[in-house]
Amino acid sequence: MKTLLPSLLAAGLTLAAGATLAHGQAHGHKHAPGHGAHVHGQARLLLAVHGNTVQISLESPLDNLLGFEHAPRTPKEKEAVEAMLARLKAPETLLALSPAAGCKAEPAQVSALPGQDGQDSHGDLEADFSFTCANPPRDLEVKLFTAFPRLKRLDVQLATPAGQAAQRLAPGKTRLSW
Amino acid sequence: MSALLRIALLSAWNRRLTLGLTLLSIALAVTLLLGVERSRVAARTSFAQSVSGTDLILGARTSPVQLLLYSVFRMGGATNNIGWDSYQDVTRHPAVAWTIPIALGDSHRGFPVIGTNDAYFEHFRYGRGRALELAEGRPFAGIFETVLGAEVARRLGYRLGESITLSHGSGELKVAEHGDKPFTVVGILAPTGTPVDHSVHVSLEAIEAIHLDWQGGAPMPGVQIAAEHVQKFDLSPKTLTAALIGLKNRAAVFKVQRHINGYPDEPLLAVLPGVALDELWRVVALVEQALIGISVLVVAVGLAGLVAVILASLGERRRELAVLRSVGAGPRHILALLALEGGAVTLAGMGLGLLLLKLLAWTAGPLLEARLGLSLAIQGVTLAELKLLGAVALTGLAASLLPAVLAYRRALSDGLTPRL
């Protein structure tokens with residue numbers, strides 16, 4: 001048993017490292033420092049709760065939200081960008097905190113739109129939402145999967161009064177509680 | 001019914017050796033199953049207990065899980081250190097409330113040495129936000145002073161005022177001793193049940209001081225700087241292994257993380273310890289499931305053995321059952337008799353298994369706690385364990401119905417007219 005646990009951990013690490021490496025090789029493009037991996041269908045949601053304030057960040061490849069990542073060229077693509085922005089500007093429809101908490105969303109901050117940062121092949125979007133609530137909220141219903149059907153998996157990181165946690169959401173599992 | 005019970009008991013006693021061995025195999029299988037489940041839960045809780053109140057861990061860019069393992073659990077090693085200047089920059093971020101610097105790399109008789117500062121004693125939290133307490137003495141103040149974790153002091157029998165020397169690296173190489181600069185034990189921490197118990201704490205300056213006359217991981221030949229002269233040198237640390245960070249406002253945690261991960265001068269990494277721990281469990285879950293799967297198989301083997309033994313006994317009990325039938329026992333009684341036997345052996349096996357587990361936790365528990373920091377607290381049976389036990393009991397009862405049904409279907413005359 002003395003050697004079992006560390007070797008299990010080591011095995012796990014190797015597995016995890018292998019998976020990242022394999023992905024990097026398979027995708028084979030460079031990431032800017034400090035940015036997560038760019039995998040279509042997957043996105044990251046960061047949620048921090050302190051007292052009555054909630055900060056939520058969504059980091060997603062644009063493909064999940066638009067279906068393309070280049071600067072919009074056709075009127076149809078321009079329309080898609082507008083529609084996406086309109087969605088993100090109404091955070092309550094995407095992220096529903098417990099109604100009992102009485103939360104109000106502040107205007108969302110959206111960064112890195114397609115074509116803006118000069119890269120043409122892969123683009124990521126970062127949206128920051130913040131909510132101020134009457135009572136500390138206890139749960140969140142994530143409606144991103146219905147709003148953006150190309151999104152298949154959401155890796156969530158939570159920092160709440162109950163502690164930190166990592167969770168994975170999918171179209172069939174959309175509720176977070178703490 | 002009580003007559004039936006008596007008959008069953010007497011009959012079983014007649015075959016006590018085979019049934020006893022079957023019972024033992026079921027007991028061992030149950031011990032294994034619950035043991036695996038219990039260590040799984042114990043590992044999770046003890047890991048989760050080890051760090052509390054820390055919002056971020058800062059280190060060199062590596063895998064988040066690895067950073068967590070070496071900075072908090074002293075498992076594995078750092079691939080890179082971080083510069084003192086970068087660390088200072090991070091501490092100046094307006095959202096940062098406190099930081100605990102951590103410098104690893106030396107050891108004392110197999111126990112890791114941690115270079116840190118007063119913030120460690122002030123801000124470090126474990127369990128549900130419990131602060132460190134000194135059982136004896138005081139935090140280190142001078143350069144050659146050290147504070148021991150509870151387990152270090154207990155196992156090596158150290159008291160306050162004792163003089164100890166540190167070794168370079170993990171301590172396997174006897175040559176790499178910092179023998180010329182002994183440390184005095186000035187404090188001993190109260191037990192925490194976390195890796196802190198296994199650590200030897202010194203100041204960051206001390207780590208610099210013992211390596212003054214070293215270069216490239218070995219003492220420089222012909223150069224020796226005596227302990228009383230180290231003050232003349234610049235002892236401010238140049239590098240760190242990691243740092244624990246506490247924030248003023250939790251809501252800023254991802255902002256600070258992004259700031260650190262994008263730090264332009266050095267590749268730094270900040271991880272949320274709770275998130276990294278969950279990522280670790282996600283990876284380890286596969287192995288855990290394999291272990292649980294194997295234990296379930298072992299239980300199945302034990303129960304199959306039980307069925308085999310009862311089935312085999314049907315042959316030798318042909319006469320016995322026939323006599324019972326002839327004095328008026330219906331097929332239903334035979335069914336009950338056999339099912340009762342199988343069920344009782346399963347239940348007794350489970351009872352014995354639980355007892356064995358208690359015994360194991362009681363004898364091997366302290367060893368595991370000392371070696372791995374895993375506390376297999378002698379706890380009551382949890383809900384998850386109850387579910388496992390229930391599943392074993394149900395399967396055992398269902399399995400023992402098989403020989404019972406076979407015997408039930410035998411004709412009344414079977415066994416009374418011996419074929420010659």
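Chain naming here is simple, since letters A, B, ... match the order of the sequence lines and numbering starts at 1 in each.
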>> Need one label for B/Thr62: side chain, backbone, both or neither, based on atoms under 4.5 Å from any heavy atom in chain A.
In response: neither
> Will you find, in the side chains of A/Gln55 and A/His50, an N or O donor that is under 3.5 Å from an N or O acceptor?
Replying inline: no
> Are A/Asp124 and A/His38 linked by a side-chain donor-acceptor pair shorter than 3.5 Å?
Replying inline: yes
> Of all the residues in residues 144-171 of chain A, which have a heavy atom that comes within less than 4.5 Å of a heavy atom in chain B?
Replying inline: A/Asp155, A/Gln157, A/Leu158, A/Ala159, A/Thr160, A/Pro161, A/Gln164, A/Ala165, A/Ala166, A/Gln167, A/Arg168
> Measuring from B/Thr192:OG1 to B/Asp197:CG, what's the distance to the nearest 0.5 Å?
Replying inline: 3.5 Å
> Do the non-hydrogen side-chain atoms of A/Arg44 and A/Ser60 ever get within less than 4.5 Å of each other?
Replying inline: no
> Between B/Arg258 and A/Glu126, is there a side-chain N and carboxylate O pair less than 4.0 Å apart?
Replying inline: yes
>> Salt bridge check, B/Arg154 against B/Glu151: does any charged N sit closer than 4.0 Å to a carboxylate O?
In response: yes
>> Need one label for B/Pro264: side chain, backbone, both or neither, based on atoms under 4.5 Å from any heavy atom in chain A.
In response: neither
> Got a salt bridge between B/Glu288 and B/Arg44, using NZ or NE/NH1/NH2 to carboxylate O under 4.0 Å?
Replying inline: yes
> By number, which residues in residues 130-142 of chain A have some heavy atom less than 4.5 Å away from chain B?
Replying inline: none
>> With chain A as the partner, which of B/Leu268, B/Asp55, B/Val253 has the greatest number of non-hydrogen pairs under 4.5 Å?
In response: B/Asp55
> Hey, does the side chain of B/Lys248 reach the backbone of B/Pro94 with a donor-acceptor pair shorter than 3.5 angstrom?
Replying inline: yes
> What class does the angle between the rings of B/His198 and B/Phe111 fall in, given that below 30° is parallel, 30 to 60° is tilted and above 60° is perpendicular?
Replying inline: tilted
> Quick one: are B/Phe254 and B/Leu56 in side-chain contact, heavy atoms under 4.5 Å?
Replying inline: no
>> Using a strict threshold of under 4.0 Å (side-chain N to carboxylate O), is an ion pair present between B/Glu37 and B/Arg40?
In response: yes
> So which of A/Asp128, A/Val49, A/Leu46, A/Val54 has the biggest tally of heavy-atom pairs under 4.5 Å with chain B?
Replying inline: A/Leu46
